[in-house]
Each structure stands twice: as structure tokens, then as C-alpha cells.
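Presented below is the structure to which this report refers.
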Number of protein chains: 2
Amino acid sequence: MNKEDMLRLDSQLCFSIYACSREVIGLYRPLLDALEITYPQYLVLLVLWEQKQSTVKELGKKLYLDSGTLTPMLKRMEANGLVNRFRSKEDERTVLVSLTEKGETLKEKAYCIPEELIAKSGLTVEETKDMLRRLQALLGQLHNLKD
Amino acid sequence: MNKEDMLRLDSQLCFSIYACSREVIGLYRPLLDALEITYPQYLVLLVLWEQKQSTVKELGKKLYLDSGTLTPMLKRMEANGLVNRFRSKEDERTVLVSLTEKGETLKEKAYCIPEELIAKSGLTVEETKDMLRRLQALLGQLHNLKD
DNA sequence: GATATTTTAATTGTGCGCAACTTAATTGCC
DNA sequence: GGCAATTAAGTTGCGCACAATTAAAATATC
């Protein structure tokens, strides 16, 4: 395979990966619009619906985002009444993030999102789980490559 | 599967898809930094290296980007001396984008990108092609879902 | 126990991504 | 030909991403 073909292959891969993630976000958008949240905000809420409270650092680790992204985003979410932010008493450096009543309640409306998307995609739950497994394997590989 | 488990599955999928595309871009970043271009600019150049000239509309179709994203990006690339932009004579609405000498030359430096990444990933060319096929199939499915 | 190092958020600045809107050219239709 | 509808870019405004820097608290080292 010559270098011209290699570059063409790279180009197709770059296009596909880029477009895929944006298509997925585009699928969620109308559903998330109904909850008046964005996709990254949905990710934060998904974490908080699981564990009620988190720190900025922990959110960053789970979502692969840094404070430069999270701080303004969490401030917007606070302004929209979804979360509370306050400094930890034990360690004044860390900021704790928790759900408000409104943020908690939003979970009820969110249950329909995976249901609608799975229905729309025509995938079975097992097929979806399999896709997840492959994605997570890929993510693990990618993460290790950075060494 | 109850709705709680469905939401958990959705959450893992959302995290994985989001993180994957950002990890990939992160892999390219150091290589693209050397060329002083960003990932989306690399995508534009990949198109122009293939066909020398394109329109904003055509670029948007290939990269799934609209003029609100492309116009300022192409202006930055023009300011960096990578591309020329000019209105078509036949149809004054359309803007043609072509490579400058500098943009053309950059291709030589870009050949090493797919080589380095394939080497780093440990994948064979065949495995990479297979991954591309699966990605393109997924992209096609996703695109059809919007109906 | 004072000082250097590390850790955690916040801030600043640049570049997308996209919705909504505007402007200007072209096409359709009568 | 004249006018409405369509099409292609551009503009505006907001929300991420992320690099680089700063500020403040905690920890390590001596």
C-alpha cells in the first residue's frame, strides 16, 4: 500500500469517526432540547443521577473533560437551577457538585430517552450492549496508546 | 430490563461515544500541531488534496458541517495561507476553495501521519480497513435514522 | 514550623459546531 | 419580463473543548 492510499484510508477514517459522534449527538438533540439541556450537560446529569454528588475532578476523570470546560458548564447548570456547587469542608480546593430538586426531578423525564432511541434504532438491547462492549474496548485501546 | 438499567446503558454508550471521538482527535493533535493545523482543518485539506478545488457547499456535505462552521474556518485557513477563496463566475452565490502553494506542499508532511498512527496503534492495514467498513456502516445507519 | 512542591479549580484566549437569521444570486412560474 | 421561491454564503450568538496560566489550599521535605 503506497503513501497516497494510506492517506486516503486515513482520510476516510477521520471523516467517519468525526461524523459518527456528531450524528449521535444530533440524534439526542431533539430529545435533550425537550429537557432544555445540552449533550455534555446530560453526561454530567447521568453521573449525578447515579451517585448524587461528585467533585469537579471526578467528573473530569469520568467524562475526559478538564476544569476549563467543566467550570463554566457547571456554572451554567447552576444558573439553570440544575445543580449546586460548593467547596468541600475537608479540602477547600475541591468543589462538590450535587443535584437540586429540579435536577433530581429531570431524571423522570430522561427515562424516555434510551427507550425512544433504542426503538428508533431498531436495535435489540443485546445488540446495543454488544456495541457498547466494542466501543469500550476501543476506548480502552485508544487511551493506552497515549502512553 | 427496567428503565433504571436502560438509563445506565444509555449513559455508558453516551460516555463511550463522546470520549472515543475526543481520544482520536487527541491522538492526531501532536502530529497536526507539527503542521500547525487543527483536526477540522486537516479534514478540509484531505478533501482538497484529493480534488484540488471544492465549494463551501460540497465541503459541508462531505464533512457534515454547515456554512456557519466552514466560513470562519476557511477564512482562518486563508489567513494562514493554506487556501484561496473566490466566488464562482458561473454562479456568484457559490464560493470556490482551492489550495495555495503552501497548502499543496503540506501534503508531503502529512504522509507520515497515517503511517505513524497505524504503527502506534499496532493494527494491520487490513484491520484498519475493517474498522473503517464498520464505522461507515454505522454512519450510514445513523444518517438514515434522522428520516 | 517555614518553605517548596503538588493538587484542585478558575480564568483567559482560540477554534470549532450549530441554530437562527440575513444577504445576495439564481431559478420557477405566471 | 416581473416577482415569488429557492439556494449558497455569511453573520451572530451561545456552548463546549482545550491549552496555558493563575490562585489558593494541601502535602512533603527539610
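These numbers come from the heavy atoms of this one structure, side chains and all, not from hydrogens, waters or symmetry mates. This structure is a prediction, so every number in the text was calculated from the model and none was measured. Chain naming here is simple, since letters A, B, ... match the order of the sequence lines and numbering starts at 1 in each.
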One character per nucleotide, please: for nucleotides 19-27 of chain C, 5' to 3', B when the base has a protein heavy atom closer than 4.0 Å, S when only the sugar-phosphate does, - otherwise.
B-----BS-
Lys57(B) side chain, from C-beta outward: closest of dA9(D), dT8(C), dT11(D):
dA9(D)
Tyr64(B) atom OH is separated from dC16(C) atom C1', nearest whole Å, by 19 Å
Determine yes or no for a side-chain-to-main-chain donor-acceptor pair under 3.5 angstrom, with Ser67(A) supplying the side chain and Leu70(A) the backbone.
no
With heavy atoms under 4.0 Å as the rule, sort Lys61(B) into base, sugar-phosphate or nothing.
nothing
For the side chain of Thr94(B), starting at C-beta, report the closest nucleotide among dT11(D), dA9(D), dG10(D).
dA9(D)
Just wondering, do Leu32(A) and Ile113(A) contact through their side chains at under 4.5 Å, heavy atoms?
yes
On a heavy-atom basis, which atom in Val97(A) and which in Val56(A) lie closest, and how many Å separate them?
CG2-CG2, 4.3 Å
Looking only at atom types and distance, does a side-chain atom of Tyr39(A) sit under 3.5 Å from a main-chain N or O of Cys14(B), one as donor and one as acceptor?
yes
Shortest side-chain distance from Thr55(B), nucleotide among dC16(D), dA9(C), dA9(D)
dA9(D)
With sugar-phosphate meaning primed atoms plus P, OP1 and OP2, does Leu70(B) contact a base, only sugar-phosphate, or nothing at under 4.0 Å between heavy atoms?
nothing
Evaluate the ring planes of Tyr28(B) and Tyr42(B), with Trp represented by its six-membered ring, and classify them as parallel (under 30°), tilted (30 to 60°) or perpendicular (over 60°).
tilted
Spacing between Arg22(B) atom CZ and dG15(C) atom C1', to the nearest angstrom:
15 Å
For the pair made of CG in Leu32(B) and P in dC18(D), what is the distance, rounded to whole Å?
14 Å
Which sits closer to the 5' end of DNA chain C, Pro72(A) or Arg76(B), going by the nucleotide each is nearest to?
Pro72(A)
Give the rounded distance in Å between these two atoms: CG of Leu59(A) and C1' of dA9(C).
13 Å
Is a donor on one side and an acceptor on the other found under 3.5 Å between the side chain of Asp91(B) and the backbone of Arg93(B)?
yes
Ile37(A) has an atom CD1; how far is it from atom C1' of dG15(D), in whole Å?
14 Å
In whole Å, what is the span from the CG atom of Asn80(B) to the C1' atom of dG15(C)?
12 Å
Could you state the CG-P distance from Leu74(B) to dG10(D), rounded to the nearest angstrom?
8 Å
Which sits closer to the 5' end of DNA chain D, Arg87(B) or Leu65(A), going by the nucleotide each is nearest to?
Arg87(B)
Atom pair distance, as rounded to whole Å: CD in Glu36(B) and C1' in dG15(C):
15 Å
Start at the 5' end of DNA chain C and walk down; is the nucleotide closest to Glu58(A) or to Pro40(B) reached first?
Glu58(A)
For a 4.5 angstrom cut-off between non-hydrogen side-chain atoms, does Asp5(A) reach Arg8(A)?
yes
